[in-house]
Protein chains: 2
Amino acid sequence: MAKIKSSENSTKKETILEEAARLFYKKGFNAASMRDLAERLGVEAASLYNHIHSKAQILKDICMKVAEEFIANIEQVEAAEQPAIQKVEELLRFHIRKMIYKYEDVYVSDREWKHLAEPFLSEYRELRRNYRKRFAALIEQGVERQEINSINASTAVLIILHAVSGIESWHRSTQKITADLLEENMVTILVEGLRKN
Amino acid sequence: MAKIKSSENSTKKETILEEAARLFYKKGFNAASMRDLAERLGVEAASLYNHIHSKAQILKDICMKVAEEFIANIEQVEAAEQPAIQKVEELLRFHIRKMIYKYEDVYVSDREWKHLAEPFLSEYRELRRNYRKRFAALIEQGVERQEINSINASTAVLIILHAVSGIESWHRSTQKITADLLEENMVTILVEGLRKN
DNA sequence: CCTACCGATCGGTAGG
DNA sequence: CCTACCGATCGGTAGG
């Protein structure tokens, strides 16, 4: 009669989602089994279904949660009064920090969303596309105002977003530089690559 | 009595590997089944085993082939007589072109290598680590010679390698800029981010 | 290259 | 939350 131990501030479902993110991060969605997950939580697989509906729903919940956070952030950044290049830098820093401190969730939503079931697959794809468009629009604004080098905005977005996902390697590396130094290095390389001299 | 159609220049095994790369790229290694693969090749699943030993071996062959290509290239670049920053640019361009023209193989080896079985998992991890070290060494050389901005070399490598994998999005995008323009844009952003003013 | 088939594992349910 | 279990699918083999 083992029980899922959840801390005071989170429900059992949240505890399951958290452990699932770690597991999906490590093994990938398809290779991770519900029996795997149950074992990590100290219960039998069948017991999980008292708290969640399906494996597919777990993935959906993780992906949508992450998507909402990024959308909320870009809305705030867009509304602020500041140069476009600074907006881009803020977006970049948000991505970096999420990848440093919440990397399992972000990584899973980034790499495993293809395994979402419809209609969430289409929905997620659309959220993603929309986010990237808005990100690119900020870069284009920077190009127009001559704050940013004349480059293809979509390419820049693609580089930035994928570069950030490289933080996954940093997590697994044995000789880590500090999180702050990592952030500054990334900002230096990526923002300087954009900035107009 | 369907037969695997292989072109003049390739064996049936090579044809299987090629189709497998496309399939693993699309679905991921675990979600792709041997029955999937067989169907795409127009034969029954059991027939594949006359040409390959196992699903695991297919992944291993793809990953090792890609690894060898990159290692052969870095050896050539290291041996050339030119400024470090130009060596870095050459490595970058090689990665970009591979991702443009052979993206299924590269993408699979990059994203699915975790599913390799031992001893290949350890071997591949080591090849990867070694390659990154050599890449980082070239960047460090550039920093010492003051051709490159003073940044953490490992971080730079991590950014560059992951940024390049973003070309996958470019493949799937509906409004593609040309391959040449993509390459120049990536080089601009990434190399300018490194170059010392 | 195919038919026929195996043992293992999967996500999930019934019922308590 | 557990025991017991199901149907589906998987990688792979035997034998021709």
Side-chain angles (χ1 to χ4, degrees), chain A residues 1-7 10-24 26-63 108 112-118 120-121, chain B residues 1-7 10-24 26-63 108 112-118 120-121:
Chain A
M1 216 157 272
K3 280 198 176 183
I4 294 177
K5 284 174 201 157
S6 39
S7 65
S10 54
T11 64
K12 288 179 182 180
K13 184 177 170 180
E14 285 165 350
T15 308
I16 293 174
L17 290 183
E18 226 173 88
E19 195 61 45
R22 272 195 283 271
L23 182 61
F24 294 171
K26 196 186 164 204
K27 297 197 170 187
F29 178 72
N30 272 283
S33 74
M34 294 302 275
R35 284 159 177 84
D36 270 348
L37 179 56
E39 195 179 349
R40 283 157 170 258
L41 290 161
V43 296
E44 293 300 317
S47 308
L48 295 173
Y49 291 88
N50 292 302
H51 305 289
I52 52 107
H53 291 112
S54 66
K55 190 186 179 188
Q57 188 218 30
I58 296 180
L59 182 61
K60 183 214 108 185
D61 284 350
I62 294 172
C63 290
V108 166
E112 306 293 334
W113 64 268
K114 281 183 187 177
H115 299 114
L116 284 169
E118 292 291 4
F120 307 109
L121 179 60
Chain B
M1 216 160 268
K3 281 197 173 184
I4 295 176
K5 284 174 202 160
S6 39
S7 64
S10 55
T11 65
K12 289 180 182 181
K13 184 178 170 180
E14 284 165 350
T15 307
I16 293 173
L17 290 184
E18 227 172 88
E19 195 61 44
R22 273 195 282 270
L23 182 61
F24 294 171
K26 195 186 165 204
K27 298 199 171 186
F29 178 72
N30 272 283
S33 75
M34 294 303 274
R35 285 160 176 84
D36 270 347
L37 179 57
E39 194 180 348
R40 283 157 170 258
L41 290 162
V43 296
E44 291 300 316
S47 307
L48 295 173
Y49 291 87
N50 291 301
H51 306 289
I52 52 105
H53 291 111
S54 66
K55 189 186 181 189
Q57 187 218 31
I58 295 179
L59 182 61
K60 182 213 108 186
D61 285 349
I62 293 172
C63 290
V108 166
E112 306 293 333
W113 64 268
K114 281 184 185 175
H115 299 113
L116 285 169
E118 293 289 5
F120 307 109
L121 179 61

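In what follows, every chain begins at residue 1, and chains take the letters A, B, ... in the order their sequences are listed.
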Exercise. Which pairs with one or both residues in residues 43-63 of chain B pass salt bridge (Lys or Arg N to Asp or Glu O under 4.0 Å), sequence neighbours excluded?
Worked result: B:Lys13-B:Asp61

Exercise. Salt bridge (charged side-chain N to carboxylate O under 4.0 Å, His left out) with A:Glu19: which residues, sequence neighbours excluded?
Worked result: A:Arg22, A:Arg40

Please tabulate, one pair per line, all N/O donor-acceptor pairs under 3.5 Å involving side-chain atoms of residues 28-38 of chain A, not counting sequence neighbours.
residue : atom : partner  : partner atom : Å
A:Asn30 : ND2  : A:His115 : NE2          : 3.1
A:Ser33 : OG   : A:Arg35  : N            : 3.4
A:Ser33 : OG   : A:Asp36  : N            : 2.9
A:Asp36 : OD2  : A:Lys27  : NZ           : 3.2
A:Asp36 : OD2  : A:Ser33  : N            : 3.3

For this session: For A:Gln57, enumerate each residue passing the side chain to side chain donor-acceptor pair (under 3.5 Å) test, keeping only those at least two apart in sequence or located in another chain.
Result: A:His53

Exercise. Going by heavy atoms in the side chains, are A:Leu121 and A:Trp113 under 4.5 Å from each other?
Worked result: yes

Seminar exercise, completed: Scoring nucleotides 9-16 of chain C by protein non-hydrogen atoms under 4.0 Å (B base, S sugar-phosphate only, - none) yields -BBBB---

Exercise. Distance from B:Leu59 atom CG to B:Leu116 atom CG, nearest 0.5 Å?
Worked result: 4.5 Å

Exercise. Quantified as the angle between the terminal helix axes (five pairs each), what is the overall bend of the helix from C:dC1-D:dG16 to C:dG16-D:dC1 to 10 degrees?
Worked result: 0°

Exercise. Between CG of A:Leu48 and CD1 of A:Ile58, what distance do you get to the nearest 0.5 Å?
Worked result: 7.0 Å

Exercise. Rounded to the Å, how far apart are B:Glu39 CD and C:dC1 P?
Worked result: 16 Å

For this session: May I ask you to test the A:Glu18-A:Thr15 pair for a side-chain heavy-atom distance under 4.5 Å?
Result: no

